[in-house]
Amino acid sequence: VPSTVERREEGSVVMGKVAVAFAAAAVLVSCSVAAVMVGRRIKSRAKWRAVVEILKELEEACDTPVGRLRQVVDAMAVEMHAGLASEGGSKLKMLLTFVHHLPNGTEKGTYYALHLGGTYFRILRVHLGGERSYLDVQDVERHPIPSHLMDSTSEVLFNFLAFSMERFIEKEGKESNSQGVKRELAFTFSFPVKHSSISSGVLIKWTKGFEISEMVGKDVAECLQGAMNRRGLDIHVAALVNDTVGALSLGYYHDPDTVVAVVFGTGSNACYLERTDAIIKSQGLLTTSGSMVVNMEWGNFWSSHLPRTSYDIDLDAESSNPNDMGFEKMIAGLYLGDIVRRVIRHMSQVSDIFGPTSSMLSEPYVLRTNSVSAMHEDDTPELQQVARILKDLGKLEEASLTCEMNKQVSDVPLKVRKLVVKICDVVTRRAGRLAAAGIAGILKKVGRDGSGGITSGRSRSEMRMQKRTVVAVEGGLYMNYTMFREYMEEALVEILGEEVSQYVVVKAMEDGSSIGSALLVASLQS
Ligand code: ADP
Ligand code: MG
């Protein structure tokens, strides 16, 4: 029987062997863990480099130095001329609106506007007391357009609008001063229309994701009037007004130096006051007055100077209107979010930095421009808004994967969040700066950019004289996305120069297109 000492010694020998074995194993394991980690780190560094490379390429492709913007300005002015010279002479349709006079502040009475935008429809009533200061905007209603209407039928769409109008009227109650009197309504319609008068015109095409093909070629005002008559509503569609023309009307009502209006909402468009003798394609038709508002439909503007990326090309190809509205797809609210999504998706294809958000990124339009501005303007120290928005996208994805219901979605790392903010910045900066170039193009065309316009034959004194010019701007993108607005205004000063910029005033017009359309109808009555 071995002594306790021996046993202890034996024991210690055994222990020693185990310890050596353990130690050896530990060294082995830690070696291989280290190897794996080093391998991973090298791989993840390579992936990160690939991601950073994608960002760099994006920045280069979206670059808008002032020289390039000036080329866009010139192209815009040239295309405006071409579109005015002949039907189909340019991608800019330069549509007649038959609006010769804008409201001047003497209008009186109660008028209505029904506005079909790209995302929202609005109904409101204005009461006018005959002085500019007496403008009372009442009962503004704003609702998202139910998405099923966008690809329904014209009958379904207009029945819905008439029904909404009926409910609006019902709420006015018995004490309404328009009892027994036919109500005069402006139909603010934010899609391209070929007008035959101020109150009639046919739809040329849908934009902004609407797809009711049988509606193309139909008279838009007539469709609404018909739907309201069928409901027995005593309402007269007195004018069919493009949303930009509404914004111009409100701008002019407050300030007669307003000659241009631009909308940056779901889509983007501009109109301006043109001399009728410059509208060469319609000479003879327009002899009665000195000027007419022209709806440019600038969303369809195109120039080889526009900084286009592979993301823009793919977005266009996969949209409901390929090869159409190229400018709009670079600057408007419907699209900015989707450009950002495409960049993030590209990055997630070369690296797994976005975790479970990745597969949701294949879903078109899941990332809204509202989210882009929320991320871009996130001023929390750890970019918590960015984390939340990306996480929410990941959760969406999770919900669609029933087999992985319990997967925890964790925040993407801070450096990835910073990367996303940078993408938002690049995409929105390009949008804001191109928008400014578009505006400067119009100013050039009307000789308000300090250069005397692109036509010859202006007197030298006219060239030197700089008039105060107001540009009325409205739309959800412009009103709510501060960085977009700032980039736009900064670029406008860059393009025009400090001196000329002093004469150009950009004025925000909240709900301008609806209110202004009602004012326009009022001005037709007086
Ligand atoms: P519509 O285009 O229907 O006339 P709006 O002019 O209100 O409506 O524009 C709505 C669009 O504006 C939204 O679809 C979105 O693209 C953009 N938008 C609204 N709010 C924001 C925001 N906070 N940040 C960025 N974009 C916004
Ligand atoms: Mg709008």
Side-chain angles (χ1 to χ4, degrees), residues 113-124 140-147 149-150 157 160-161 164 186-193 206-210 241-251 261-271 295 297-299 315 319 325 328-341 364-379 385-386 389 421 423-425 427-432 435 472-488 508-518:
L114 168 63
H115 175 178
L116 185 69
T119 305
Y120 299 99
F121 74 95
R122 307 161 187 76
I123 306 177
L124 57 76
V140 185
E141 272 190 16
R142 179 173 178 268
H143 306 283
I145 302 164
S147 57
L149 293 180
M150 295 182 187
L157 175 67
F160 172 80
L161 293 177
S164 305
F187 185 23
T188 316
F189 189 70
S190 61
F191 303 90
V193 163
W206 286 111
T207 58
K208 299 179 274 199
F210 275 68
V241 188
N242 184 263
D243 53 345
T244 58
V245 180
L248 184 68
S249 301
L250 182 63
V262 193
V263 169
F264 301 105
T266 309
S268 182
N269 189 16
C271 75
N295 167 14
E297 285 300 326
W298 88 353
L315 183 150
S319 68
M325 307 301 274
E328 176 164 276
K329 285 171 181 165
M330 293 174 114
I331 63 173
L334 177 57
Y335 304 105
L336 297 187
D338 209 55
I339 300 171
V340 171
R341 175 190 70 86
Y365 302 99
V366 272
L367 186 64
R368 301 291 184 129
T369 303
N370 304 45
S371 301
V372 168
S373 72
M375 294 195 289
H376 193 182
E377 293 169 358
D378 186 352
D379 53 7
Q385 289 290 337
V386 180
I389 288 165
V421 173
I423 299 167
C424 297
D425 186 67
V427 170
T428 297
R429 183 168 187 271
R430 180 185 70 161
V473 185
E474 80 116 274
L477 182 71
Y478 180 82
M479 299 302 292
N480 303 312
Y481 196 165
T482 311
M483 290 301 290
F484 172 83
R485 191 163 64 224
E486 284 178 359
Y487 278 135
M488 194 200 93
M509 296 281 146
E510 181 126 48
D511 281 329
S513 33
S514 325
I515 300 168
S517 303

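One-based numbering, in listed order, for ligands and for the atoms of each. Remember, it's a predicted structure, so these values are computed and weren't measured experimentally.
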Requested in this report: Show your reasoning for whether side chain to side chain contact (heavy atoms under 4.5 Å, CB included) applies to Arg142 and Arg122.
Outcome: CA-CA 4 Å; Arg142 179 173 178 268; Arg122 307 161 187 76; 4.0 Å; yes
Requested in this report: Looking only at distances, please establish whether an N/O atom of ligand 1 is found under 3.5 Å from an N/O atom of Tyr481.
Outcome: no
Requested in this report: Take Tyr481 and Phe264 through the side chain to side chain contact (heavy atoms under 4.5 Å, CB included) test and state the conclusion after the steps.
Outcome: CA-CA 10 Å; Tyr481 196 165; Phe264 301 105; over 6 Å; no
Query raised in the report: Is Gly265 close to ligand 1, meaning an N/O of one under 3.5 Å from an N/O of the other?
Result: no
Report task. Could you check which of Arg122, His376, Glu474 puts a non-hydrogen atom nearest to atom 7 (O) of ligand 1? Result -> Arg122
Query raised in the report: Taking atom types as modelled and ignoring hydrogens, do the side chains of Asn269 and Asp243 form a donor-acceptor contact shorter than 3.5 angstrom?
Result: no
Query raised in the report: ligand 1 versus Arg142, non-hydrogen atoms closer than 4.0 Å: side chain, backbone, both, neither?
Result: side chain
Query raised in the report: Based purely on interatomic distance, does Gly476 place a nitrogen or oxygen under 3.5 Å from a nitrogen or oxygen of ligand 1?
Result: yes
Query raised in the report: Is the closest heavy-atom distance from Lys208 to ligand 1 below 4.0 Å?
Result: no
Query raised in the report: Sub-3.5 Å donor-acceptor pair from the side chain of Thr428 to the main-chain atoms of Cys424, do we have one?
Result: yes
Query - Heteroatom distance test (Gly475, ligand 1): nitrogen or oxygen, under 3.5 angstrom - result: no
**Report entry** Polar atom proximity, Asn480 to ligand 1 (N or O, under 3.5 Å)
**Finding:** yes
Query raised in the report: Is the shortest distance from a heavy atom of Met479 to ligand 1 less than 4.0 Å?
Result: no
Requested in this report: Report yes if some N/O of Leu477 lies less than 3.5 Å from some N/O of ligand 1; otherwise report no.
Outcome: yes
Query raised in the report: For residues Thr119 and Thr266, is any side-chain donor paired with an opposing acceptor at under 3.5 Å?
Result: yes
